[in-house]
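To keep things clear, I will list the structure first and then write my remarks on it.
Both backbone and side-chain heavy atoms feed into the values below; hydrogens, waters and symmetry mates do not. The sequence lines fix the lettering, A, B, ..., with proteins before strands; numbering per chain opens at 1.
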2 protein chains.
Amino acid sequence: MTNHLISLAAALALATPLLAQDDAEAPPPGPYEIVEQAAAEEWIAIPAEDLLVMTLAPDADGNERQVVIQLMPAPFSEDWTANIRTLARAGKFDGNAVLRVQDNYVTQWGDPASMADDFEPLPTEGLRPTSSANYTIPADAIGLPRLLADSQRARSLETDEPVIAADATTGMILANGLLDSYAQLSLPYKGWPLASNYGKDENEGNARVWPVHCYGMVGVGRGMAPDAGDGSGLYTVIGHAPRHLDQNIALAGRIVEGMEHLSALPRGKGTLGFYEDESKRTPILTVRVAADLPQDERPKFEYLDTEGPSFARYADARANRQPPFFIVPAGGADICNIQVPVRRMAE
Amino acid sequence: MTNHLISLAAALALATPLLAQDDAEAPPPGPYEIVEQAAAEEWIAIPAEDLLVMTLAPDADGNERQVVIQLMPAPFSEDWTANIRTLARAGKFDGNAVLRVQDNYVTQWGDPASMADDFEPLPTEGLRPTSSANYTIPADAIGLPRLLADSQRARSLETDEPVIAADATTGMILANGLLDSYAQLSLPYKGWPLASNYGKDENEGNARVWPVHCYGMVGVGRGMAPDAGDGSGLYTVIGHAPRHLDQNIALAGRIVEGMEHLSALPRGKGTLGFYEDESKRTPILTVRVAADLPQDERPKFEYLDTEGPSFARYADARANRQPPFFIVPAGGADICNIQVPVRRMAE
């Protein structure tokens, strides 16, 4: 065997006639071409109830700025996503602002009044209590044990051995060839970047799964533990994945359009990137649940099925870049470098 | 043993009376406190010959924008860093511009004329030829084999076993407790984030080492292989570490001040983030080697010795965040989440 980890993606790519082209010299398709060529049935529509449209004040040149957020589906972070919908429908985000932009970390938004020490939010009917116990969910809840038991999902290209296997030295479990620095395993699954402690405990029934703080993921601001945040203050990751936040804070979704309106904002000069000069804050005009918009105004998005063959080929192509530009394929990738493709649906 | 990987940092932290404080309830110092408390002799001054001062045109509000770049020291990327100094001293960067800003990827700058298909640069005296063979250097060149042989550097906190060990299942070598998704090992060493294929080949004499594409690292733009770039076009990483570029392109340094002037620029709307509207390009007024500036105008920077005890404690604190904010320490971190501290020297 080699000491390269071979991904599920590579295994599936083998079964696909990558090189069966008229011109045998043509390079294999790159990650973006693979996504473009994916079959229509591999794309999964995102429910309008899971999409938020956040309209920022126009920029200095008068250009409109719209950000679309996809909320995580059940069973992930259900109390927070329910609260975010409730707060949006109660108009609680309208008139809020971007309060904090810290380089290589996060952009955070919410109610400017919440910055005051004695802030007491007005009650919102129907808000659920939240708990840090729900930063993670049981691995059973998404069928992870069955996935891991199915070694067909991840066999070495060269040895045909399963690559999901406990590692004798470290106890780490390798899934889909992805080595992870922060968890027993990580994998793109059910449309989201996930990590798990599966294999850490002897009692696998206790295994947990959690979403991962990749670029563009949206999380719920909170105070000191045990506060778990109610969903009224949110942030998105604008730098290298701050994975130390995993399991320590609720993730509630991701930016699927308009990320540049949050990532390219001026950095705040105060502690943690808060704006010392309040005039630098970007106003949030409205936040609406897409399902509440008239049909012709609803943004419609879809994501590439992470359990389909094109995603596997895409992941493999991300991990093994090819000529003419690349010389040395990495032979691996971390979970946050295999972003799940999301796109606007054709009209 | 547990299946947590315990870092060198953790091992060293044990020997340090972290909790021997007046108030036994006080939380252990966080990463930033550890850096602040580091002894003066743990800081290493960066030579003025290794610092570049890049002055951008003022922003829309008339604020000055200055970026300071630290070039990598020998034996890393020597031909490119020599060329960058030569080009700076010949004034070849003056009047250049930021040509490309691609979200979650890179900001790239150079000569706008280089965008033309028929561009032929005017010759610059003394430019060295470059080769992709030098994207990596021999592991011997920085003493990596000796480091790895010294198991005192990395013993498990719980088992006292060396954690630098070939892993029977994967052949991966674990150094300082850092698992890496892209290489046999990665470690912060000699002041820089490095990765290596040490342990991949049976003949260790062939092992190579290379710098890693972390946030803020500066690389050398190039055309299709085998072109290796001459240093006249540069980029910096403004998103999640694009580690697939490692070993495929020359890294030449990192941004040590003014990163926000490159990371918060408007994203380009063209392919790969190039600006379709040339008026959106940020002009570069001058680029100077700090050693060529009058003494009182030279920026002076220092970095925390990556082989010292404070860096080990800092790395451990990054991998194991503590209450009152954090609940679950990750027990690990990737190389790009343990950025080497660099700061301006006290006047």
Side-chain angles (χ1 to χ4, degrees), chain A residues 1-5 60 101 103-104 132 135 165 167-172 174 178-184 199-200 214-216 224-226 238-244 246-248 259-260 263-267 318-319 321 323-337 339, chain B residues 1-5 60 101 103-104 132 135 165 167-172 174 178-184 199-200 214-216 224-226 238-244 246-248 259-260 263-267 318-319 321 323-337 339:
Chain A
M1 64 173 284
T2 72
N3 50 18
H4 263 274
L5 294 172
V101 185
D103 197 58
N104 192 19
S132 60
Y135 294 158
D167 164 323
T169 308
T170 64
M172 301 291 279
L174 317 169
L178 293 178
L179 265 182
D180 195 282
S181 306
Y182 298 87
Q184 270 61 40
K200 182 179 176 185
C214 295
Y215 191 93
M224 289 295 162
I238 62 165
H240 188 71
R243 298 279 308 276
H244 52 282
D246 294 355
Q247 306 184 71
N248 282 291
M259 181 64 188
E260 68 277 15
S263 61
L265 292 174
R267 280 44 180 156
R318 295 282 300 171
R321 300 300 184 92
F325 189 81
F326 290 92
I327 308 163
V328 181
D334 70 272
I335 180 81
C336 291
N337 255 336
Q339 286 202 307
Chain B
M1 66 173 284
T2 72
N3 51 21
H4 262 275
L5 295 172
V101 185
D103 197 59
N104 192 19
S132 60
Y135 294 158
D167 164 324
T169 307
T170 64
M172 300 292 278
L174 316 169
L178 293 177
L179 265 181
D180 195 282
S181 304
Y182 299 85
Q184 271 59 41
K200 182 179 176 186
C214 296
Y215 190 93
M224 290 296 165
I238 63 164
H240 188 72
R243 297 282 307 275
H244 52 283
D246 294 354
Q247 306 183 70
N248 282 290
M259 182 64 187
E260 67 276 15
S263 60
L265 291 174
R267 279 47 180 154
R318 295 281 302 169
R321 300 299 183 94
F325 188 81
F326 290 92
I327 308 163
V328 182
D334 70 270
I335 180 82
C336 291
N337 256 334
Q339 285 202 309

Quick check on the interface: out of P266(A), A225(A), S263(A), who has the most heavy-atom pairs with chain B under 4.5 Å?
S263(A)
Taking N337(B) for its side chain and A241(A) for its backbone only, find out whether a donor-acceptor pair lies under 3.5 Å.
yes
Under 4.5 Å, counting heavy-atom pairs only, tell me which of V101(B), D103(B), D246(B) racks up the most with chain A.
D103(B)
Anything under 30° is parallel, anything over 60° is perpendicular, the rest tilted; go ahead and classify F326(A) against H244(B).
tilted
Of the non-hydrogen atoms in A264(B) and L265(A), which two are nearest, and what is the gap between them?
CB-O, 3.5 Å
Check whether any side-chain heavy atom of R321(A) sits under 4.5 Å from a side-chain heavy atom of N248(B), and report yes or no.
no
Y215(B) versus chain A, heavy atoms under 4.5 Å apart: side chain, backbone, both or neither?
side chain
Can you tell me which portion of P242(B) sits under 4.5 Å from chain A's heavy atoms? Options are side chain, backbone, both or neither.
backbone
Would you check if N104(A) and R267(A) make a side-chain contact, meaning some heavy-atom pair closer than 4.5 Å?
no
From the list S132(A), C214(A), G216(A), G239(A), the residue making the most non-hydrogen contacts under 4.5 Å with chain B is G239(A)
